[in-house]
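Working notes for the structure below.
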Amino acid sequence: MDLHLIPGAVASDEEREAIDAAIGAAAPERHLLLPALHAAQAQAGWISPGALNHICARLSVPPAEGFGVASFYAMFATKRRAPRTVHVCDDIACRTKGAEAVCRSLEARFGPAGQDASGVNGAATWVRSPCLGLCEQAPAALVQRAGDARGDEAMAAATLEDLVLAVESGDARAAQRTVVPQTDAPRDPALRLLRRVGLVDPESLDAYRAHGGYAALRKALSMGPERTLREVTESKLLGRGGAAFPTGRKWEAVARNPVRPHFLVCNADESEPGTFKDRVIMEEDPFALIEAMTIGAFATGCERGFLYIRGEYPTATRRLERAIAQARARGWLGDNIMGEGVTFDIELRRGAGAYICGEETSLFNSLEGLRGEPRNKPPFPVNVGLFGKPTVVNNVETFANLLDILSSGGPTFASTGTAGSAGTKLFCVSGCVTRPGLYETPFGSTLRAVIALAGGVADGRALQAVLLGGAAGVFVTPDELDMPLTFEGTRAVSATLGSGVIMLFDDRVDLGDILIRIASFFRDESCGQCVPCRIGTIRQEEALHRLVDARQQGEGGTAREVTLINDLAMVMRDASICGLGQTAASAVQSALQKFPLDTFEAPQEAQ
Amino acid sequence: MDAVPMSFVRYVDLTIDGKSVRVPEGTTLLQACQSAGIETPTLCYAENLTPVNVCRVCVVEVEGARTLVPSCSRPAEPGMVVHTDSERVRHSRRLVFELLGSSVDLSTADPKYLADMARYEAVPERFDTGDATGHGAKATVQQPVKIDNELYVRDYSKCVLCYKCVEACGTDAQNTFAIAVAGRGFHATIATEFETPLPDSACVYCGNCIGVCPTGALMFKSEHDMREAGTWDESKQAVTDTICPYCGVGCTVQLHVQDNSIVRVTSPHDHDVTEGHLCIKGRFGFQFVQNR
């Protein structure tokens with residue numbers, strides 16, 4: 001291709017070096033665009049025209065397309081930005097912990113979000129961020145540090161003082177942790193997906209083996225791909241990413257597809273507001289995910305796998321990098337795995353701040369170096385997936401279930417949980433709750449039981465509402481807590497488990513404010529491809545603002561706004577290309593239907 | 001002697017609005033609707049471009065499908081039962097027109113779209129917010145016109161983001177890749193790298209983006225200037241087909257002439273040679289005619 005580069009724009013030596021290191025010795029193909037952009041951003045704090053020129057020349061990408069990709073992602077700046085950016089979460093879980101007040105204080109101290117922070121000589125800026133997946137330790141933040149060997153770091157719970165320090169010096173004082181209350185003494189002996197959390201050193205392959213690691217892969221290799229597939233099908237495992245598709249059926253479709261090669265993708269782009277389950281697995285038990293992906297690849301005939309992790313998870317990324325390197329060094333990734341002649345390897349790829357890339361076909365486009373826009377389905381990924389080939393794509397939690405299925409056998413796994421929902425489920429409990437954290441229960445527990453497990457509503461307050469399933473989920477009233485948390489049980493009451501979010505709001509929370517934040521989340525995260533979502537999400541947000549304002553001022557005229565909101569909900573649900581637009585009105589609709597409008601009348605400080 | 005391959009055309013039977021329809025395998029629902037005489041509005045679809053199915057105005061209801069499906073790109077399948085005038089279909093088509101009409105300047109759009117809007121009783125003004133301020137005020141894509149060269153202007157206040165220009169600049173016609181979609185969500189826009197002016201970009205001024213633009217967001221500078229001056233008058237224009245004089249390819253060009261001056265050049269989309277696309281010479285190289 002005859003590339004026309006940006007006239008006169010030359011990369012600095014440092015940018016060039018960083019980009020070349022990211023592209024490495026591999027064939028310079030377009031799918032390396034995202035890693036190359038990450039390298040440029042991490043070096044200079046923005047994607048400069050010179051850096052884009054160098055990337056585009058190396059990868060034979062037209063600069064207009066390279067710019068289109070770079071400008072798609074929230075973690076990339078295409079205008080010069082301070083090298084240090086503190087992303088402060090002001091999303092729904094963090095709002096219940098005072099995030100809005102923190103943001104206002106930061107604005108008073110450093111000036112508006114996105115501009116050079118005052119008093120630090122252009123070294124830093126702060127921006128508001130959507131959910132960072134640290135809801136159990138809210139409020140959360142992420143320090144993105146360019147040209148700094150420390151790289152990125154997540155902070156939670158971050159006080160105003162912690163954030164001021166982060167802006168001024170780059171120090172991330174309140175480093176994030178992992179909060180899994182069931183692993184506190186006395187430890188819950190029934191944990192399965194979380195059985196090693198807190199017990200095993202996540203940076204040691206030997207420690208993982210000492211806790212039973214790699215027995216499942218060995219068993220799969222001895223059984224062969226056909227039997228492994230049968231166990232998965234018989235386990236009745238349903239996908240945990242939100243759509244609840246039978247994993248066995250997906251795997252069989254890929255395994256039987258004559259087109260080669262096959263690809264395996266792990267969707268670790270966990271970005272649904274309120275969700276942090278995959279993060280915990282990746283941080284605390286990374287080898288389990290790698291082992292499970294290897295089993296999946298063996299069963300479905302994949303020699304190449306991609307693990308696409310959201311860009312805001314620096315700790316999980318580092319642990320997975322180490323784990324993959326150790327597995328490779330041990331010969332448990334690569335050619336001739338465990339001496340059985342099986343080939344499989346995993347490439348770890350970081351997202352860069354785009355909720356839409358958790359949609360499987362957007363994820364493929366993102367991996368391929370295209371804008372993370374969803375594809376029309378059909379064709380489905382099992383036929384036409386990554387690079388146009390048959391592709392297995394599953395969520396982290398789905399993969400994590402594989403180990404138990406192999407160890408105890410598919411039928412045994414199927415006998416746990418309920419008839420329609422086999423196994424256990426991870427729940428991300430956050431908001432106004434006594435012990436926020438990640439919980440695991442067998443399918444069949446009621447919402448009330450899981451909330452009780454987390455100690456109930458914090459501070460003895462009354463429960464106002466629960467958001468179930470995330471921003472794309474639904475609100476549930478205190479009268480509905482006896483619903484069983486199963487796929488079939490939630491479906492029966494027009495709810496959804498979604499990504500396992502259980503977010504509590506007590507009677508002090510201004511639900512109107514929460515609804516507007518959800519609406520603004522979808523407006524911000526819409527990829528912009530289709531009209532119903534691109535314009536529908538912004539019109540929904542505007543109408544909600546007017547509705548809430550009118551209620552607060554005791555004005556009439558809200559019927560007009562409700563009509564518009566309902567009309568928008570219908571076109572987004574019916575005519576959007578992908579799940580983002582199709583669910584962008586879900587939570588708002590459920591709230592407007594279930595809660596009296598005057599709930600939004602009297603906002604009170606959440607503190 | 002090699003065996004002569006026989007080609008079989010397989011047919012698909014489906015039902016559209018209660019009518020039995022038989023179409024060759026691979027036919028899209030849009031084409032099937034056309035063959036059954038059912039008018040389907042389209043916006044981002046064009047015969048000479050790969051369907052991107054982004055505008056969603058051609059959606060139809062397929063029984064058994066959870067959501068509506070874009071007819072422009074969904075192949076007909078045996079036994080499909082399709083509804084093109086159900087309440088859900090009418091609602092989505094109306095809302096898509098209303099959403100576009102509420103955010104984009106459609107004043108120079110192809111009249112066929114305005115007729116479709118009327119057909120679906122779209123009232124974009126429903127979303128007007130009068131003097132509302134702040135977050136409740138209606139956002140639009142209003143922005144200054146980009147005039148950075150002598151041949152054509154870009155007015156993205158009129159852009160419906162149908163992706164047609166990007167496709168025409170890319171693999172569907174020109175393979176120049178001077179423009180792409182940049183940004184995200186409501187702020188997504190068609191842009192060169194870093195929004196650099198066209199003369200500094202890869203643009204070769206073939207004008208094929210203008211040829212496919214449905215709303216006049218991309219326009220000949222001659223047309224733009226005449227519209228600004230209030231002298232543009234299509235009722236006084238004659239369209240003359242001729243063959244481009246420059247090279248041996250033989251592209252049909254259509255000269256739009258007003259007051260004895262060429263004001264715009266197009267090529268028929270169904271022309272075998274051009275499929276509606278031209279190069280800089282055919283599209284813009286007509287000034288010599290007017291050197292009198």
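Residue numbering restarts at 1 for every chain, and letters A, B, ... go by the order of the sequence lines.
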Inset, instruction - Given side chain to side chain contact (heavy atoms under 4.5 Å, CB included), test B:Arg56 with A:Ser576 step by step and report yes or no. - result: CA-CA 7 Å; B:Arg56 318 303 280 184; A:Ser576 296; over 6 Å; no
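- Across A:Glu525, A:Lys79, A:Glu541, A:Arg523, the residue that shares the most heavy-atom pairs under 4.5 angstrom with chain B is A:Glu525.
- Proximity to chain B is absent for every atom of A:Thr537, based on heavy atoms less than 4.5 angstrom apart.
- With a 4.5 Å cut-off on non-hydrogen atoms, A:Arg371 touches chain B through its side chain but not through its backbone.
- Residue A:Ile535 holds its CD1 atom at 11.5 Å from CD of B:Glu98, rounded to the nearest 0.5 Å.
- Within the model, atoms CG of A:Asp574 and CD of B:Glu87 stand 10.5 Å from one another, a figure rounded to the nearest 0.5 Å.
- Taking OG from A:Ser71 and CD from B:Glu193, the interatomic distance works out to 11.5 Å, rounded to the nearest 0.5 Å.
- Heavy atoms of A:Arg375 lying under 4.5 Å from chain B are absent altogether.
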Inset, instruction - Check step by step if side chain to side chain contact (heavy atoms under 4.5 Å, CB included) holds for B:Phe177 and A:His4. - result: CA-CA 9 Å; B:Phe177 308 98; A:His4 178 99; over 6 Å; no
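- Contacts of B:Leu161 with chain A are made by both backbone and side-chain atoms, with heavy-atom separations under 4.5 Å.
- Distance alone, capped at 3.5 Å, places no donor-acceptor pair between the A:Glu542 side chain and the B:His135 backbone.
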Let me check something: any side-chain donor-acceptor pairs from residues 61-68 of chain A under 3.5 Å, sequence neighbours excluded? List them with distances.
{"from": "A:Glu65", "atom 1": "OE1", "to": "A:Arg30", "atom 2": "NH1", "distance (Å)": "2.5"}
{"from": "A:Glu65", "atom 1": "OE1", "to": "A:Arg30", "atom 2": "NH2", "distance (Å)": "3.2"}

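- In this structure, the side chain of A:Arg560 engages the main chain of B:Arg126 through a donor-acceptor pair within 3.5 Å.
- No side-chain N or O of B:Arg184 forms a donor-acceptor pair with one of A:Ser526 less than 3.5 Å apart.
- Of the atoms belonging to A:Tyr73, it is backbone heavy atoms, and not side-chain ones, that fall under 4.5 Å from chain B.
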Inset, instruction - Would you sort out whether B:Leu99 and A:Leu568 count as a side chain to side chain contact (heavy atoms under 4.5 Å, CB included), showing the intermediate values? - result: CA-CA 9 Å; B:Leu99 290 173; A:Leu568 291 165; 3.6 Å; yes
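- In terms of heavy-atom pairs under 4.5 angstrom with chain B, the leader among A:Leu5, A:Leu52, A:Val69, A:Asp567 is A:Asp567.
- Distance CZ/A:Arg534 to CG/B:Leu100: 6.5 Å, rounded to 0.5 Å.
- Residue B:Gly136 comes nearest to A:Arg546 through the heavy atom pair O-NH1, 2.9 Å, listed as atom of the first residue, atom of the second, then distance.
- Neither the backbone nor the side chain of A:Ala543 comes within less than 4.5 Å of any heavy atom of chain B.
- Chain B forms more heavy-atom pairs under 4.5 Å with one residue of A:Gly372, A:Pro49, A:Ala9 than with any other, namely A:Pro49.
- With a 4.5 angstrom heavy-atom cutoff, A:Ile538 touches chain B only via side-chain atoms.
- For residues 88-95 of chain B, the interface with chain A (any heavy-atom pair closer than 4.5 Å) comprises B:Arg88, B:His91, B:Ser92, B:Arg94, B:Leu95, sorted by residue number.
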